[in-house]
Every structure is written in C-alpha cells, then in structure tokens.
Amino acid sequence: MNRFSFVLRRPIQLIPVLLGISVITFLLLQMTPGDPVRLMLGPKASQEAIEFVRARYGLDQPIPVQYFYYVLNCLRGDFGQSIAFRGPVSGVIAARIAPTVFLILYGLVISLLLTFALAVTAARQRGRWIDHLIRLVCVAGVGVPSYFVGLLLIMGFCLRLKIFPVSGYGPTFINNLWHLFLPALTIGIGVTPILARNLRATFIQQLDKDYAIACRSRGLPESYIFSRHVFWNSLLPTVNLLGVVVAFLIGGTVVVENVFNIPGLGNLLIRGVLTHDQFVVQAVALLLAVGVVISNFAVDVLTAILDPRVEL
Amino acid sequence: MSDLVSVENLTIDFTTNFGDVHALRGVSFSLKAGEVLGIVGESGSGKTVACRAILKLIAGNALVKSGRIMFEGSDVLAMKDAELGRLRGGQAAMIFQNPSTHLDPIMTVGRQVGEAMVVHQGISWRQANARAVGLLEDMHIKDASRRAGAYPHELSGGMRQRVMIAAALACEPKLLIADEPTTALDVTVQAQILDLLRGIRRERKLSVILVSHDLGVIAEMCDRVVVMKDGAVLEIGSVDQILRDPAHEYTKRLIASQPSLMKPTTHACPVATEPHLLVKNLCVNFYPGQSLAAWATRKPPQIVRAVDNVSLALRRGGALGIVGESGSGKSTIARAIAGLVQPQQGEIEVDGQSLDRALRQRRPEQVRKLQMVFQDPFMSLNPAFTVARTLAEPLRQQNICPERDIPERIRELMEKVELPRQLLDRRTTQLSGGQRQRVGIARALALEPEILIADEVTSALDVTIQAQVLGLFARLRRELSLTLILISHDLGVVRYLCEHVAVMQHGKLVEYGDTEDVLDRPQQAYTQELIAAIPKLSRRTSSGIQPGDTPLLAAGSKC
Amino acid sequence: MSDVMRGSGSLAMARIRTMPATLAIGGAITLAWIVVAILAPVLTSFDPIKVDVMQALKPPGAEHWFGTDAIGRDVLARTLFAARYDLAMAFFGVVGPIILGTTIGLIAGYLGGRIDAVLMRILEVTVSFPYFVLVIAIVAVLGPGLKSYFISLTLVNWVSYARLVRSQALVLRGVDFVLAARGMGFGHLRIMLFHILPNAIVPSIVFVMTDAVLAIVLGSSLGFLGLGVQPPTPEWGAMIADGQTYLTTAWWIAIFPGIAICLLALGLSLTADGLARLLNTES
Amino acid sequence: MDRRVFLKSAAFAGFSIATLPATLLRANADGSKILRMAYGAEVLTLDPIKTTYGADILIQGMMYARLLHANADRTEVGPGLAESWDIADDGKTYTFHLREAKFSDGSPITAEDVAFSWNRMRFQKDSAYAAPFQPLTKVEAKDARTVVMTLDRKFTPFLTLTEIWNTGIVPKAAVEKMGDDAFAKAPVTSGPFKFVELKPGDRVVLGRNEHYYRQGEPKIDGVEFRYVPDDNTRVSMLQAGELDVCLAVPAPRMAELKAAGFRADPEPSSTTYDMLINHSAEPFNDLKFRQAVSYGIDRTAINAAVTLGLGTPASSIMSPTLDFFDKSLPVIARDVEKAKALLAESGKTGASFELIQNAGSADEEKAAVLIQAQLAEVGITVNIAKIDSTQAWTRLADGEYQAEMNWWYNETRDPDNALRWCVWGAGDNKSYYTRYNNETVDKLIDEASGEADNAKRAELYAQIQKTVVDEVAQVALYHPTWLNAYAPSVKGLVLNVGLQFSSIGGTSLD
C-alpha cells in the first residue's frame, strides 16, 4: 500500500473530532451564565426589543432543538447567525481568517529561522560557552510570558525607536510583513526556546548515533556528516514537536492578537466566548480544530517526505 | 611480512559521571598484512574499544593514558583531521555489529555506498552511483541497481550487512575491521556473510581484524586470535594453539562454556507414559492493524500466521527444545501455551485437562502450573522493585504460603537459584544480567510450577554466564522434576538440555523428534541447512579440555 | 562500564556528585520563591492590599523599594505576596492534570482496544481545541478564580500526561516483566498500579516542571486578561496588566512582577532541565 | 519528490521573506485627508435603531443627519435637516419644515423618509432605544417637506431628543429594498460622510458625502474608525503616528500625551460613574445601610485615584454638565463615624456584599478596590467579583446582584432623559436595574417634563436630586470627563457631552 494513502483517510478521522468539538462548545456556552442579546443591543436597550431579538435568533428554543438545527444547518453550509455582528457567521469569520493564518505562518517562519540558527550553532559548538549560553537562553525563554514580551517589544521598537507600527493588519502582503513583524516575533520568541532546545538535543543525540560513527569510520568530514546525515535525521522529532507547537499556537495567538490588536480569529473567539455569540464560537472552534488537524496532517506529510520508513 | 597495524601498550580510560572506567589496560597486539586477526572476549572486555581506537573512533570522554597505534608507520592517535580522513575509508574501514542502526535510515543505500567516493575521490554522484551498484553486485546482492535505490529498512538484515560491507570497501581500504559483524543475524545468514567476508578478503587481499564473542566464528575465520578480558589482553596465538592448548584459565573456561562443546545432560531422564503437556493443532494468527481505507474498499484482512497448526506432546519431566530462526514462531508457541497470546485454534492440555485458551479463564492452579522465564534479563524484571519484592509478590498474590512464611520462602528461592541473600534488598536494576536471569527463574519457581517455559533465556548473556545459567536449569529440572520447554535459536543449548527437539520455520513444524536423531541425522533440508550453518569449533579443539568439567560448571551439572 | 554503576554503596554519593548544575540552581531558585511566599509577611512590613491614595505612583525609593502602584500599594509587598498565588497556580495547575491524565493514559495504554479508542477520541477532541481558548471558555462558565483555573486546567491539560503515560504503557504492556506478571495470574489493577505505573511515570515527572512553567504563564495570562484572581489579591499577571497603563510613566508597576514571573519560570525550567538530565543518565 | 530540494527552497523562501528590509515596506500616504481614530469598543451595526453602544453611536452620528443639529459642545441645538419648526400651543404637536437635502446616493431627503426613519425608531419592535420617546404617538409626512409629530402629553424636552443619534434619517427606499440586515452593513447615509467599508472587528471607513446638506462640509476626505480594544495599544498607536485621534485615553497617560504635543485636554461629559445597588435585595434594601455605605466612601479620593483629578467627585446623581444640575448640593464628605453609627442603626453590623466588576476594566477595578478598603474601615466587607460583561449585564438586568460598578451617560443636556433612565421606577429598566422606586420622584419627573418654565423646572429637578441623593438611589462616585487625545494636525474636533462629534463637519486635518 502507498505510504501516502493516509491523505485519503484524514478527512474521515475529522468527523468525530468535529462532532465532539461542536457538542463541547455548545454545552459550554449553554452553561455560561449571561444573555448575549442584552450585550448585543447595549446597556439601554428595552426589554421588549431584547425578547424580540432573542426569538428571532431562536434562543428561546430548548437546547437540544437548538443543537439539532445547528447541525442540520451546518450540513447545509449555514453556520448560523452571529448575534453580535448581526449577520451570517461565515462572513464574520472570513474577514478574520487571513490575519490569523498570516500571523501564525509568519511567526513560524521567524521561529524556525531562529531555531535553526540557534540549534545548529549550539550543536556545532557543542560544549563550548556559546552552546551553554544558547541552552541557558532556551531554558530561560520558555517561561517568559508572551504578553510581557509583546509589551517590551512595543515599548522598544514602536515607541522608542519607531521602527515598527504598534498594531494592525495591512492591505497588502508586503505591508503585512511589516505590520505583523513584531507580533510574529513575539510568537517566534515564545516558541523558539522549546523548538531550539529540542532540535539541539536531537542534533547532539544524532551525532552520537551508530550511523554517524559509521560515517566517521568511512572518513567523511564532520561538516559533511552533519549536513547530509545528522541534520536530516534530526528534523523528524522537531517536525513532530512542531505539530504540537502549531496546535498550541493557534490557541495562543489570542494573547498576541490582543496585545497587538490584530483582527484575527483568536480575538474573535475570546470575544465570542465572553459575549456568548454561540454560532461564532462554534464556527471558530470548528475552524481552528480543522486548522489543528491540517497542521497535524502537514506534519504527517512532512514526516513522510523526510522519513522513508513512515507508514501512516 | 611487516606489521600493518601495531597497537602498543594502549591504555584508555573513560571519564563518566560515576568516576573513571578503565576501558583498556596496556593492550598490545599487531596485525600483519594479509592476515586475519580475531579478537575474542565477552562484554566489557574492551575488544570493541581496542578495534575502534585503530581508526581513532573513540568517544569524547575517552582519555588515552598511554600507548600508541601505528598504521603503516604513522601514529594514528596523533593524526589531524585531514590525515584521519585519508586513513578512514581510504586505508582502513570498519563494519559494525548492527547494520540497521549503522546505516542512515533516511538515505538510499546506493548513496551511502557511493558518498565516500564522492567525498574522497571527487567523482560525481552519477559515477559514484554506478560504482556503488557494481560494489553491491560484488556483495552478491541481486538486482543491485534497483536495490541501490532502496532505503535500509526495505532490506533484510543480511542484505543490510552486505551494504555496510560495500560502503566500507568503497574506497578500497587495505584493512577491514569487522566488529561482531554477524552477531545480530540468524545463523544461516551468518554463514552467508562469513562466506562473503572470506571471499572478498581473498579477492581484495585484505587484512582483517574480526571481533567476536563467538569462538566458533573466530575459529572458522581467523589465523591468529587475541583473547581479551576486562580491558587487558590475556593471550595471543594462532587459532589452533589457543583452541587446543589455551594457556590462560579464562580461555579454558571460555572454550568450555561453548554450548556445542557441553556434554548433554539428558541421558538419565525418567520415562513416563501419559503426556504431561499436550498441544494439538495450535494456530496463532496476527492481524496487523487494518486501515479504514482497506476496510472501505473491502479488502480481505491481512493475516500473519505466526503459528500454523502445530502439535506437540511432552512427558512429565521431559524437556523439549524448540529451535528456529527469528520469525519462525517459536516464541509465539511458548506464549500461547502460557496464555499470554490467545490462539485462534487448537487445544492445550495439561495432565489430560484442557486449558482455556484465554489466561483469564484458567483456574488459578492451572495458571500456577505453567510458568515462564523470559529472554531479556534487562526487561524481564520490574525496575521499580527490589529483589525481595519481586519474589514476594507472586507468593502473596497466589496465596502460596502464609504471610509470615514469605521471608523464609524467599530465602529458599534465592538458594535454589544460587544467589546470595544480600541481594534481596537491591533494586533489580542494580543486578548483573546473570543475576537478573536467576531472579527471573526464582520468580517463576515461586509459584511451584510443574511446567517451565524458558524463552531464549540465555541468548542475551555472555557465554560463560550462559553456561552457568544452563547448568542451573539442568539442576533445577532434575531436582524439582520440572517439565521443560526451552525456546532457543542455539542448537548447542538445546542439545545440552533437551531430549526432544522441534525445528520451526515460518510458523510450521519442520522436524520433530529425539534431539540426537534430529541434530545428528536431520531429515529435512532446512534442518540440514541450519546445522551446516553453525560455525564449527569442535573439530579444532583438542580433547585436552573436558567440556562441562571446569569448576564453574560443576555446580550446574551434577548429573 | 556498566559494572561500575552497580557498585552499591557509592551510588548515592555518585548521584549527588552528578547532580546537574541546572538542577541545583533551578532548585535553589524555586525553593527561594517558596520561602519568599511563606515568609512574605516577614520580608516586608507593607500590607499588599493596603490602599493609600496619597502615596500613589511613588517611584522606587528608600521607603518603597519597588515603588507604589496607582492606588498607593507597595509593589514590593504585592510582588512578594503574589508569589503565593502564582506558586499555587503552578502547583494546582499540574496536580489535577497529572492525576487525571495518568489515570486515563494508564487505562488506555494498558487495556488498549475499544477503551483506548474511545479515550483517544476524547483526547483528540481536546487536543484539537485551541488550548488557551478552552481554558478561557471553562473559566467563563465557572467564573474567575483559582478554583476555576484548577478545574479548567485539569479538564484541558490532562492530555499531555495521558499521551506520555499511554505511550509508555503501550510499550510496557508488551515488556517481559509485565508478561511475567500476567503469566503469574495477577489482576489488571495490580499490574497497572505496581508494574506499569512506576515505570511509565518517569517522562511525566520530567515534564511536570516544564508544565508548571506553562501553568504559570497561562495563569498569569488569565490574570493579564482580567480573568484570573479577584482583586485586590496580588497576582503577577494582573499586576502587569495594572501597570501596563503606566509603562511609560511608572514602569516599576509592571516590570517588577514581570521579572518575578521570569525568575520563577527560570527556576522551574532549570529544575526541569536538570531533572531530565538526571533521570536520563540513570536509565 | 526530492525532499531536500523541497525543504531547501522552502527554507530559502522563508528566509528571504523575513529579511526583507522593513523600511522598504512602509505604506505611503496617498495625500488624501483621512481622519484616523480608534476606540476601545467595536462597531457592530450601522443601523441607528439597532444599538445603544458607544462605538455605534459615535460612528452613526457622523453618518446620519438629524432633524436638529447640535453645536460642537452641545450647549445648543439648532436647525438641522429641519430648517424650522412650530410647536402647537398645547405642546403636543410638533411640525418640522425640512430643507432641501440629499442622501449620499443623490436621492432627495423627503418628509416620507423622515417619517419612515422616526416610525422605525419609535415603533419597530427591535428598536433598541425607543424609551425616551414614549410620549410620541404619531409621526407623519404632511407633504414632501413637512413632518408632523404628535405627542400624548406636554413634553418640554422633546425638541432636544430630535438630535439623538438614533433619530438619524435613513432613506426609506434603500432600507426597504435592502432589508434591515443588509442596510446595516452598507448603508446610504444622510450625514457628512458616506459609507465606504466595514471590516467587522477591525474598522469602519467613511468617505466624504458630496451631497451633505451643510455647504462646504466636511472639510476632510474621510474617517477611518478603528477598533483597538487595548487602551495602551491605542495610545501607543497615536504616539507612533498611526492615529490622529485616540478616544478613551487612560487617565494616567493624558499628561504624557500633552507633554508630547498632543491636544490632550479633558472634555466635558455627561457621564456619571457609580456603584449600582440592588434595592430589592439585602443589604441595600435598607436606607440606613445605603447611607452608611454612602458616608463610608471617599468620593474625592476615588476621583483623585481613578481620574487623577480630571473628573469631579459626585454630589448629585446627575452630571454637572446637564441642565438644572443643582450646584448647591455638596459632595458627601466621608465620615467614618457617622457611617458606623448608621450601620449600627441599620442593625446590619458586620454585613458584607458582593461587588460585581467588569473583567478587564482597570478603572472599575481601581474604584472597587478603593471602595473595598474604605468600607472595610466602616466594618462592611466587600467581596469583589470580576466577571465578564455579558454575565454582569444579565445579572444586573435580572436583579441577581447586590452591587455593581457601572457608568452611564446622557445623550441630551436636558435632565429628563437622564432621570428617567436612572431613578424613574416606573420605567422599563426599573431605575437602571437598581429597583429604586419612589412614586413621588416619578411624579416629580413627569411634572418637570411637562413644565415649560425653566425656573420652575430647576426647582423641581433640585427637589428630585436632593431626594435621590438622600435616599441613595445609587452611589454616584464621580463624573469623569471624556479623555481623548488629538494629533496637533486635527483642528476643530470636539467630542460633546452627548458622545457626538457634532463638530466633525468643520474639522480640518493639516
């Protein structure tokens, strides 16, 4: 059987996950006290207007009925109406996907560059002071909260040096590279220690592996062994870790989007949770779950490309 | 002939977290051009360190205290990187014990064979690939051009070893260092690889250093042999001289411990009429995980027949050896009888009583009757337990004796397996391999079984330790009148302990009968092949040594 | 080489000698914070919740070493007392998940089959959920505070331990000593508790410290977003949020708690690193 | 697939992206004068009748013209779309005479459109803020330029209501054609600006309405109204030159901005910050207890700590910016002894209550902590509960609370609207959910709204203010100011007390 046949299986595995997530979000939001309509119409809205709107969104129906119609509508491609935004959820979400995806990918690119730079340096200079320094920075870096990093970056780069904008999401790709640099850097700084530590450890572990010794016995130079053998073998564990990290990131962008005011999904989701915008939360949660699954899938594909042994 | 390599008074220490370890203590030996030198010794003897040092392949924490290694007149240990690069691969190359870990798993084998040529000789990858295919053909790999594009995991163990040899020979070195090249292989494959090594040595006029723990391999391959123990050289001499007339006590013991040289212990077995254990038409299938896609396309499930319609019978007090190469299903039979694997078909009867195929359904006394001892001494004991706890647990759980008698019972068990009581408070991780295996036996005996199944119990042990453990088995069997099933890949071990033998291949019983009949007059081609593949040692040893006669074995061979 | 390690008496000595430096330093920092948390009332004469509007926004000086915040509370006192809350978050943020996760991982890994499949589906759903958001959603249901934080982290974070333990248990259930235990007729519960668990838990123990760091970061992020501790209880994340407004005029309000978090996290990370080295050299 | 080539090119692409020199990437301004402003709440709808939210109100105020137009600081209300108006002698019929004007799509604004807009606002079921217009019973177009409104009683404040944002005029044809929801996303406007773009959760972009009825206005090309929830990010953006106007600046940062050359002066607001208390539940159902709390709180200290002196401590429930504010009322001075005595009288010694505070609001938290500390000295325990605003609003409306930090503002300078909102027990919102219900006060409010003589009205309102302060209808704490900062290039822009940029038409941008 083809090693890559898992590509076909993935969508099937997604179904129970999506069902589970929709049930959990539905129940969670039902359990949360508070009335979304009141928040929608604002503090001075009349009771009459509130009742009317509640009925319009079907919020006066029993919970199982609401869920049933929700699933039914989803199957028809209708993800419901946003209470806060007074319109179809799909439209609300569509406007927010790009910033989040851009931010996450950008952050990943930055963190990968940092990761490789640090890990390769440390592994090649193994045991020297620079290696110890990098290791220490990685250990220390894990615990620095990203909101604190974000604040410091804004202070330094936006207010003092005025190199980067404080916030926002520009209209063009190039513009976004500039606008989202600091948020992406914040993400990068958050993730790099974990990845770099892992990659460095793997490099060093792989350098002592039997196959590396065998290569040495054939007189291959260290740099060749590193670049042709050890490097590629070391990518596997880090790629796997990357999958976990991306899943973590997708949720973690919330904080960064908040600090840097990026109109993304994370922001929307938190707002949705706090304002009980049921269908927005549902849809974003499902979308993010799909994102997690896609990232895991990408990891699987990457693993399969990297490692001929993998049967998925 | 001048010396190609000479190792002079080499002393190497390893600095570890637990203090310095003396890996080599003043080791000296030399190799003449064209010669095959064997280095034999058990684990920890320093044989691997010694031969790796010749290529300066020593770990970062190794410290050369004294001595030097001369390769064609230049001091290897003083070489700079560039010179080392020329020496390694170009002048001398090395092959290793485990070909599956010593090949890069994510690079095609053709590339791995060819890359040294690209790096050292500056030829193009295309040329290197062509030459690699040629080399692989030289290693008798069929369909070499296709195989060159394969990854290591797509090849069998023997094939991988051929690839590793090809990679080592890529730059036509003068010296080949082979570190346990066949230890991880089945015996028939081992024979093929040894054949290959003999061939290329002859064709390429190679000098060879062959490191092995197996005297048989050394005897078949080498001109001279170095015997090492605890980092020191005990004696050096021609193979004939060492085997016939070993000077050192340890060498004598080493030779005497070879299973093929040990005197069988099976001659005085009691004869019973009714079978104690009866296995009828046993079938064990494995279903490798079926994919959803396969399920969706209604593909029939893949079945691996691990055990295919096997029937066995064993008298009370009898001993049956089950032999076969890896994947033959011999361990699966053992586990199925013990209830650890649930067979799809077949009957297991003990004393005429049928046992349920599922362990959970068997009555406690049925469970007790059948106990197993496992292969890997490092895996068979719970590392979180002390020895005392390991032995107390079955006594307590199966209510073998009242709580207050347990300490006494444990002491008795320790005596039975010849372990000092002081070890009782040790963690199992603090024991040596042999000690662990004895604890494993004691644990099985705690339940007072009638049938003992020993699954490759000695294959992970050094040969002298193996001899001791085998001796212990022989004694226990007799004293406790145990019925024994011994699973092994080593025909010598089976001959030593068992009066019956079953030969298995691909899950099927190939040959079954009295040990002497089967091993001395094999009827089946496979059995003949198996026996022929065993490196022969006996013909080169003198009658001066009486196997089974050394003091160490005395305890184990009372009968 | 391995024979040397079996030298009996010197083992304890050897272990002390080989204790990684990171473990020693990290342990010391962590311990120091625990001491600070316990002795906070002794270490400062100021009341962390005492409001004094007249003393508001005083820069660090002889009287208020770390200055005062917008309503005149002593930042040093608040930073020290906050250690209690943040340490509690580190501790409770890990205890719940490790108990739940280990139990589930053990059952799934050892028993396998359908139970495993069901538990792993649940795990998959939990994992696919954006971690942080799920915590926030649960906190939103339960209301802010240490208890909700504890519950939500338990419900969300068990997956890490479940995965670690399960993967170990999956291997261990096929290992000889477990087969031996089965072959001797022991019950599943006994095998899980005494044979699998002690051997499967080691990676989790290494992970606990790293996880505690994540718990602190997460907990303080909740505080930062205003979903953490109830005022006026001091907590670092909430203090940073308070001080954010004053970052350019009264930097001390946010910077000192920020440094405090980083220090505690550093202590725990170093401990984690050291622990990993120690346990890896042993095996 | 050769994975190495694949990975290498991916790595190279990533590297080159990340190292593009940032300076090359700065967007160039194209010379058009767009006023960029940011607020901490997001625009949710552009339909004026569907909201009572600050962000919506602000943006809609710039999009829809009303019958009357307020001046910059809302001291006066003058002709807007209505050139003139007549009031019948009985005070129950208002006739508005419209000027010639057009919607942003060039279609004329007719009496039909005005009647449609008003009827929608007043009678459509999901109209959020019809409450102040209760006396209004009928709106009809008499002819193309004349609108007649009929009230059921004499109601003096009515004229000031015709400037409230939700009376903004929308085109009947467009609304009916598009439907409410679609219109709310891409409306046709009648005010100084036309709609250009709505990015939910991010920004609303408005452009110059070429058909705006006030000649020569607006002077700028457009407005970009951004949602930046984090106060400090917003300030940073202003400092970094990404904004021209930063709305709702945290008080502590005003001085810093002023020093940096921004126009950062507090602007008068009709807002009252208060602690809402639940009169229908323990312990605030007891007058003595309420008074004990009121005397136990140091309003001056809270004002100083939260607004840094940029607001004023509250003496009345009404803001001093409203008409008929009673200047003679003193700020209640903190008197711990008196508070203790009152507490003892109430028999609730050792009482405690839960004070709800919206999560994420720094000002509320500060005030709540101060109240907690101050009342602790009186012997009252305050437990602060930070909860999200959805829950807070729901509990408030359902009466499931004891006390909650809150604030409210008034759209008009006339106090009628304010008092009906916060102390009128007969109202839909039960005295802003405090359940305060004093029939005498209700009667006085009605009486004052029917009175045309200002002197008499002043007297009535003084009486009301004294009563609700004495009875502690709610614990008013302080009256803040609007804290906005403007870049020096922004000329002539003022936020008026009613949360409107009435001056936007005359605003210029250098």
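All values below come from the heavy atoms of this structure, side chains included, with hydrogens, waters and symmetry mates left out. Every chain is numbered from 1, with letters handed out A, B, ... down the list of sequences. As the structure is a prediction and not an experimental result, all values here were calculated from the model.
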At a 4.5 Å cut-off on heavy atoms, which part of [X] comes close to chain C: side chain, backbone, both, or neither?
| X | result |
| --- | --- |
| Val254(A) | side chain |
| Leu249(A) | neither |
| Ile21(A) | both |
| Val259(A) | side chain |
| Leu286(A) | neither |

Are [X] and [Y] close enough that some pair of their side-chain heavy atoms sits under 4.5 Å apart?
| X | Y | value |
| --- | --- | --- |
| Arg166(C) | Leu170(C) | yes |
| Glu235(C) | Asp86(C) | yes |
| Thr271(C) | Ile29(C) | no |

Show me the donor-acceptor pairs within less than 3.5 Å that the side chains of residues 140-156 of chain C make with the rest of the protein, sequence neighbours left out.
from	atom 1	to	atom 2	distance (Å)
Ser148(C)	OG	Gly143(C)	O	2.2
Tyr149(C)	OH	Ala215(C)	O	2.7
Ser152(C)	OG	Ser148(C)	O	3.0
Ser152(C)	OG	Tyr149(C)	O	3.1
Thr154(C)	OG1	Phe150(C)	O	2.7

Arg135(A), CZ atom: more than 12 neighbouring heavy atoms under 6.0 Å: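 Enclosed.
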
Taking every heavy-atom pair that is under 4.5 Å apart, which of [options] has the most such pairs with chain C?
| options | answer |
| --- | --- |
| Gly143(A), Pro16(A), Gly20(A) | Gly143(A) |
| Thr25(A), Leu136(A), Leu151(A) | Leu151(A) |
| Val290(A), Leu288(A), Leu19(A) | Leu288(A) |

Parallel, tilted or perpendicular: ring planes of Phe66(C) versus Phe256(C), cut at 30 and 60 degrees: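 Judged by the thresholds at 30° and 60°, the geometry between Phe66(C) and Phe256(C) is parallel.
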
Measure [X] against the heavy atoms of chain A and call it side chain, backbone, both or neither at under 4.5 Å.
| X | value |
| --- | --- |
| Ala254(C) | backbone |
| Val213(C) | side chain |
| Ile216(C) | neither |
| Ile255(C) | both |

Val165(C) versus Ser204(C), closest heavy-atom pair with distance: CG2-OG, 3.5 Å

Flag, side chain of Asp131(A) to backbone of Gly127(A), donor-acceptor distance under 3.5 Å: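 Indeed, once roles are kept as given, a pair shorter than 3.5 Å links the two residues.
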
Most chain A-contacting option - heavy-atom pairs closer than 4.5 Å, from Ala137(C), Ser221(C), Ala265(C), Ala272(C): Ser221(C)

Option in Ile240(C), Leu263(C), Thr126(C) with maximal non-hydrogen atom pairs under 4.5 Å from chain A: Ile240(C)

Sequence-distant partners of Phe224(C), ring-ring contact (aromatic ring centres under 6.0 Å, His included), two or more places apart: Tyr147(A)

